[in-house]
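Here the structure is laid out as structure tokens; the discussion comes afterwards.
This one's a predicted model, so the numbers in the text were calculated from it and none came from an experiment.
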Amino acid sequence: MYVAIAGNIGSGKTTLTEILTKRYGARAYYEESDNPYIGDFYNNMSRWAFQLQIAFLGSRIEQTVEMLSSNDENIFQDRTIYEDAHIFASNLHEMGLMTSRDFATYMRVFDITTNLIPKPDVLIYLRASIPTLVEQIKRRGRDYEMNIDEDYLSRLNDKYEHWINNVYQGRVLIIDKDTEDFVMDSRVVDSICERLEAIVAEKK
């Protein structure tokens, strides 16, 4: 079972990955959090947007190669290569922070890569409102995230909704992070697992 967990900044992807990995005795593949360009990016987005996204894409490709070469029965992935392109790079391009030439180069590499790798068996999408995202970002206290603009988060949320509803082709389990607190309520985790297993069983 290959499950990927998608969602906006601060939606709880890493936490849910940890919970489900423990529940299933699975292996986790986490999003890179020490991208060498990330601090520069939040200080000057237009200068560092392309470098940031290419670094994330390269990390995701390396991670995917490692995943495909493993013999793990169950895998949970924190964020996907699809989000890197359809959410973050696309948003930066639309905001005028990544040039059309850079975006075209990025998407060429992305398209080549995604034609060579399998989609997740299930994509878990963590839907969360802006207040929920802001609260969780502040709670985890990463310095480079403290000045993230709420309008930027809102644009990302809009991109996520469009991607899930109109672009992504695969099985999706949507979790409403505003109402389904999988950190504080173990019954929510039980419910997520039941829904996940039902989707996987349908595929078989």
Side-chain angles (χ1 to χ4, degrees), residues 1-24 26-33 35 38 42 56 60 63 74-92 119-200 202:
M1 178 171 66
Y2 166 28
V3 179
I5 300 176
N8 204 343
I9 301 165
S11 60
K13 297 180 302 300
T14 300
T15 300
L16 184 59
T17 300
E18 292 171 349
I19 291 171
L20 294 180
T21 298
K22 184 176 181 180
R23 172 70 68 99
Y24 287 98
R27 180 162 182 184
Y29 289 85
Y30 293 101
E31 178 185 21
E32 179 186 31
S33 60
N35 186 307
I38 200 162
Y42 282 123
F56 273 131
R60 194 75 64 196
Q63 184 183 80
N74 294 316
I75 292 172
F76 288 88
Q77 184 181 32
D78 174 0
R79 184 162 277 155
T80 69
I81 194 171
Y82 308 102
E83 294 162 87
D84 291 337
H86 292 294
I87 309 299
F88 293 93
S90 176
N91 182 60
L92 290 169
K119 279 188 173 64
D121 295 317
V122 182
L123 177 77
I124 296 178
Y125 169 47
L126 299 181
R127 176 181 282 148
S129 66
I130 300 305
T132 295
L133 296 174
V134 170
E135 178 185 350
Q136 295 191 166
I137 287 170
K138 289 181 178 178
R139 187 183 302 154
R140 69 187 183 190
R142 294 175 183 168
D143 289 341
Y144 59 80
E145 291 180 342
M146 289 299 98
N147 295 319
I148 294 180
D149 187 75
E150 289 188 18
D151 288 340
Y152 177 65
L153 291 174
S154 181
R155 287 180 62 93
L156 294 181
N157 261 2
D158 290 342
K159 297 288 286 185
Y160 267 105
E161 291 298 318
H162 175 76
W163 175 61
I164 287 294
N165 293 318
N166 302 289
V167 178
Y168 183 74
Q169 296 181 343
R171 296 174 181 268
V172 178
L173 168 57
I174 298 177
I175 297 171
D176 187 340
K177 189 59 177 64
D178 292 352
T179 59
E180 298 182 84
D181 191 342
F182 47 76
V183 176
M184 300 302 295
D185 190 345
S186 61
R187 293 172 299 178
V188 173
V189 177
D190 293 338
S191 173
I192 291 171
C193 291
E194 289 174 5
R195 291 151 63 192
L196 175 61
E197 290 164 14
I199 294 173
V200 172
E202 285 178 9

- Item | Gap between atom CD1 of I130 and atom CD of E150 - 0.5 Å precision | 7.0 Å

- Query: Is there a donor-acceptor pair under 3.5 Å between the side chain of D121 and the backbone N or O of Y2?
  - Reply: yes

- Message: Working note: Y125 + E161, criterion side chain to side chain donor-acceptor pair (under 3.5 Å); need CA distance, chi angles, decisive distance, verdict.
- Response: CA-CA 10 Å; Y125 169 47; E161 291 298 318; 2.7 Å; yes

- Query: Ignoring hydrogens and geometry, is there a side-chain-to-backbone donor-acceptor pair from K13 to R79 under 3.5 Å?
  - Reply: no

- Task: Find out whether L156 and I87 are in side-chain contact, i.e. whether some heavy atom of one side chain is under 4.5 Å from a heavy atom of the other.
- Result: yes

- Query: Can we call the ring centroids of F76 and Y24 under 6.0 Å apart?
  - Reply: yes

- Mind telling me whether Y160 and F88 have parallel, tilted or perpendicular rings, with 30° and 60° as the class edges? perpendicular

- Message: Nearest 0.5 angstrom please: T80 OG1 to E83 CD, how far?
- Response: 3.5 Å

- Item | Whether R27 side chain and N74 backbone form a donor-acceptor pair below 3.5 Å | no

- Message: Measuring from atom CD1 of I5 to atom CD1 of I175, what distance do you get when rounded to the nearest 0.5 angstrom?
- Response: 7.5 Å

- Verify side chain to side chain donor-acceptor pair (under 3.5 Å) between T21 and E18, making sure each step is shown before the conclusion. CA-CA 5 Å; T21 298; E18 292 171 349; over 6 Å; no

- Note on the structure: So CD1 of I75 and OG1 of T17: to nearest 0.5 Å the spacing works out to 12.5 Å

- Query: Charged N to carboxylate O below 4.0 Å: is that the case for E180 and R195?
  - Reply: yes

- Query: Rounded to the nearest 0.5 Å, how far does CG of N8 lie from CG of N157?
  - Reply: 4.5 Å

- I192 vs L16 side-chain heavy atoms within contact, under 4.5 Å: yes

- Message: Once rounded to the nearest 0.5 Å, what's the spacing between atom OG of S129 and atom CG of L153?
- Response: 10.5 Å

